Number of protein chains: 2
Amino acid sequence: MQDVARLAGVSISSVSNYLADYPYMKPITKQHIQEAIDALGYVTNERARSLRSGRTGLISLSIPSLTQAYFAELAEEIIAAARRRGYGILIESTGFSRDWELASVAAMARRATDGLIMSPLAMEDSDIPRLRGEFPLVLLGERLFDVPAPHVLVHNVEVGRALTEHLIAAGCETIAFLGGVLESNHPSAEVLRTKGYVQALEAAGRPVRPELVRTLVGEATSRAGVELVERMVAEGVKPDGVVCYSDLVAFGVVRQLREMRVRIPDDVRVVSIDNLDEAQYTMPSLTSVELGRRQIAELAVDSILKQVKEGRAPAGELYADYEIMYRESSPAVGS
Amino acid sequence: MQDVARLAGVSISSVSNYLADYPYMKPITKQHIQEAIDALGYVTNERARSLRSGRTGLISLSIPSLTQAYFAELAEEIIAAARRRGYGILIESTGFSRDWELASVAAMARRATDGLIMSPLAMEDSDIPRLRGEFPLVLLGERLFDVPAPHVLVHNVEVGRALTEHLIAAGCETIAFLGGVLESNHPSAEVLRTKGYVQALEAAGRPVRPELVRTLVGEATSRAGVELVERMVAEGVKPDGVVCYSDLVAFGVVRQLREMRVRIPDDVRVVSIDNLDEAQYTMPSLTSVELGRRQIAELAVDSILKQVKEGRAPAGELYADYEIMYRESSPAVGS
DNA sequence: ATGAAAGCGCTAACAG
DNA sequence: CTGTTAGCGCTTTCAT
């Protein structure tokens, strides 16, 4: 920068001003500086800039695992949203471990990044005090509500309700929820989505039959979807409409139903949530809810950037819009 | 740090020495410093450290897309490998675009990270000069060989050969390669894997029948796999063994074969490459090659760290070991 | 075995 | 509109 200043015949601070788009500057001066920059191939050293300015241009993203397609696709959107704003994303994969989640919070004190977007899945209420602090923070999902920071949320209840309403409108008589949880006071995605399912049934004056709500045993994989269908059918439960907790589960559900020669959507309609890339490519393609990942990404990044300027934002809820993407497994019905 | 020094009754540089594990230091001094650090809750400011030391503790990872499961899972391993060495990973998703790939190279001049691990898929030979420079660099994959930097590679030819040999040993008479490319001088993964397939057939004294090598039209999705099978069967080509270019393609291949009531592995054995997480969960589970993602990750990160110390390494090839993971779609055969 | 001093390269008041 | 000045918080010789 010294060299640029010398070559341009100006002071070092004019160069700095130029780089910062300082408005009051003679065009001729600008031009000289630009020429010197080009001649020397100068690029600013981000390390020095960040020490002095207090900003790194980086945001930490702490998510459970990139191996889970939903998180990978969300990360992709967050990277894109950050880049549009001139920011970079440092990814920390926490593997559903409380220790790693806490580690990524602790790392904020080291000021290697300007803020943290995190999906706290393993942290406990007792860890909430550690999330206090001045650093910009955004939480993804409905856990840990008492943290003094904004939460970016998905309309889980409404999504469950909308999908169920769609199946009702399509004429389904017996609607199952695979991967749901009926009784619980923990506000997990499963519970909330199931709540929406129940609301829709009740609004339609239908009974909620517990044998139609099948809870996942382990992780939400397609194998789990296969098993859920096997067990349900073995018990003689035969729905003509199925809401799946997630696309991964739905992939297994669809596969197993076809295996059993059930026609989709003719015999059974299948709908799901996540709208993974792969949902377009299955046979049949899968009707699924786009949870607004792009919007989630933008809300989260924008909130961080705002907090960088104005300090930690208070607790609050930012909701993303969802959309049912109708595909072959359950086409839209004309209203 | 000032405060810590004052409280411990030592100089600021002793604190720095302590933090750097300087060996010649009285235990009592160390203890005082540690007490002061604990009392004040001091943590080093990484920004200042990196300005002075020239190291950021971050590595850039430039890959096409996290939406592609293979890259997402590779990224996961690289993040883990970096973390084990105290490093963080900044992910840049280039979306197969040459401009974004070049941007992530250009960003290195800004010194926001210590090195770059990149998968150059869209860059051209004419861009090679831009990859010259002093910054630590590791290339993933077989493209752009004339770059003066180490390449981390997968034994593509051998993998294609080993899978084909396995099918031959299993008694398959008619072996197809779905997603292969027979004629080409570009050393892409498709071409190399197909070359291995050809080698195995020739070694077994079998003819290479061009109608058995089906080239993908668009991206390697499961939908493409479905279409490949449809077209092949429509042409009357009916293999009893299938090597798929990747797991994603294989998912579609398996789905379509079952759709056509072909039994796997009884009528047709199916093998593939990538060993995605999902390969264990399909029906039947998929025999697939683990390309040694973990080793790829460690080789790449270690090379970067070595280059951080010793400067850009010369061109060279680092190979990861592969392993066939036998599953239901083609169980191992007793030799 | 410890301390003093000199910056790393840049930004941000503030003065002119 | 441009230049001077004073550091950001740490590491790193080099003395002692």
Side-chain angles (χ1 to χ4, degrees), chain A residues 1-37 40-58 86 88 107-114 134-135 308-309, chain B residues 1-37 40-58 86 88 107-114 134-135 308-309:
Chain A
M1 193 147 156
Q2 285 266 25
D3 302 342
V4 173
R6 201 174 308 131
L7 186 61
V10 298
S11 79
I12 189 173
S13 36
S14 288
V15 179
S16 178
N17 279 337
Y18 172 70
L19 258 22
D21 285 323
Y22 188 67
Y24 314 111
M25 187 174 272
K26 271 200 194 135
I28 182 73
T29 315
K30 286 190 182 183
Q31 190 193 319
H32 285 151
I33 295 176
Q34 184 57 54
E35 283 167 5
I37 286 176
L40 297 171
Y42 168 84
V43 275
T44 64
N45 179 325
E46 290 294 339
R47 319 214 238 247
R49 195 211 285 273
S50 68
L51 172 58
R52 184 60 237 224
S53 69
R55 309 214 179 133
T56 58
L58 302 177
M108 291 313 297
R110 240 162 284 148
R111 343 223 73 184
T113 61
D114 295 346
E134 277 306 297
F135 63 90
V308 165
K309 289 193 188 121
Chain B
M1 193 147 156
Q2 286 267 22
D3 302 340
V4 173
R6 199 175 307 128
L7 186 60
V10 297
S11 81
I12 188 172
S13 33
S14 287
V15 178
S16 177
N17 280 336
Y18 172 71
L19 258 25
D21 284 323
Y22 189 67
Y24 314 111
M25 187 173 270
K26 273 201 193 134
I28 183 72
T29 314
K30 288 190 181 181
Q31 190 194 319
H32 284 151
I33 296 176
Q34 184 56 55
E35 283 169 6
I37 287 175
L40 297 172
Y42 168 84
V43 275
T44 63
N45 180 324
E46 293 292 341
R47 319 215 239 245
R49 194 210 283 274
S50 69
L51 172 57
R52 185 61 239 229
S53 69
R55 310 221 176 125
T56 57
L58 302 177
M108 290 313 297
R110 243 162 281 146
R111 343 224 80 198
T113 61
D114 295 346
E134 276 306 298
F135 64 89
V308 166
K309 288 190 188 127

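Every value quoted in this text rests on a predicted model; they were computed, and no experiment measured them.
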Please determine whether any donor N or O and acceptor N or O are separated by less than 3.5 Å between the side chain of B/R52 and the base of C/dG7.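 Looking at the base of C/dG7, it does pair with a donor or acceptor on the side chain of B/R52 (distance under 3.5 Å).
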With no angle test and no hydrogens, is the base of C/dA12 tied to the side chain of A/S53 by a donor-acceptor pair under 3.5 Å?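 Donor-acceptor pair under 3.5 Å: no.
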Looking at B/K30 and B/D21, is any side-chain nitrogen of the basic one under 4.0 Å from a carboxylate oxygen of the acidic one?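 No.
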Can you figure out which of [options] approaches the side chain of [X] most closely?
X	options	answer
B/Y24	C/dA1, D/dT12, D/dG9	C/dA1
A/L51	C/dG9, D/dT4, C/dG3	C/dG9
A/Y42	C/dG9, C/dC10, C/dA1	C/dC10

Please report the distance, rounded to the nearest Å, between [atom1] in [X] and [atom2] in [N].
X	N	atom1	atom2	value
B/I12	C/dG3	CD1	P	11 Å
A/I33	D/dT2	CD1	C1'	9 Å
A/N17	C/dA15	CG	C1'	14 Å
B/M1	C/dG3	CE	P	12 Å
A/N45	C/dG7	CG	C1'	14 Å
B/H32	C/dA1	NE2	P	17 Å
A/R110	D/dC8	CZ	P	22 Å
A/R6	C/dG9	CZ	C1'	14 Å

For A/Q2 and A/Y22, find the nucleotide of DNA chain C closest to each by heavy atoms; which residue's nucleotide sits nearer the 5' end?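 The residue closer to the strand's 5' end, by nearest nucleotide, is A/Q2.
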Which residue lies more 5' along DNA chain C, comparing B/T29 with A/E46 via nearest heavy atoms: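 Result of the comparison: B/T29.
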Can a side chain N or O of [X] be found less than 4.0 Å away from OP1 or OP2 on [N]?
X	N	result
A/S14	D/dT2	no
A/S13	D/dG3	no
A/R49	C/dT11	yes

Please check: side-chain N/O of A/R47 versus main-chain N/O of B/A112, any donor-acceptor pairing under 3.5 Å?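 Side chain of A/R47 to backbone of B/A112: no pair is present.
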Side chain of B/S50, backbone of B/E46: donor and acceptor closer than 3.5 Å?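 Such a contact is found between B/S50 side chain and B/E46 backbone.
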How is A/T44 classified with respect to the nucleic acid when contacts are heavy atoms under 4.0 Å: base, sugar-phosphate, or nothing?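 Sugar-phosphate only.
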Side chains of B/V308 and B/F135: closer than 4.5 Å at any heavy-atom pair?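 Answer no - side chains too far apart.
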Does the side chain of A/Q34 reach to within under 4.5 Å of the side chain of A/Q31, using non-hydrogen atoms?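 A side-chain contact under 4.5 Å is absent here.
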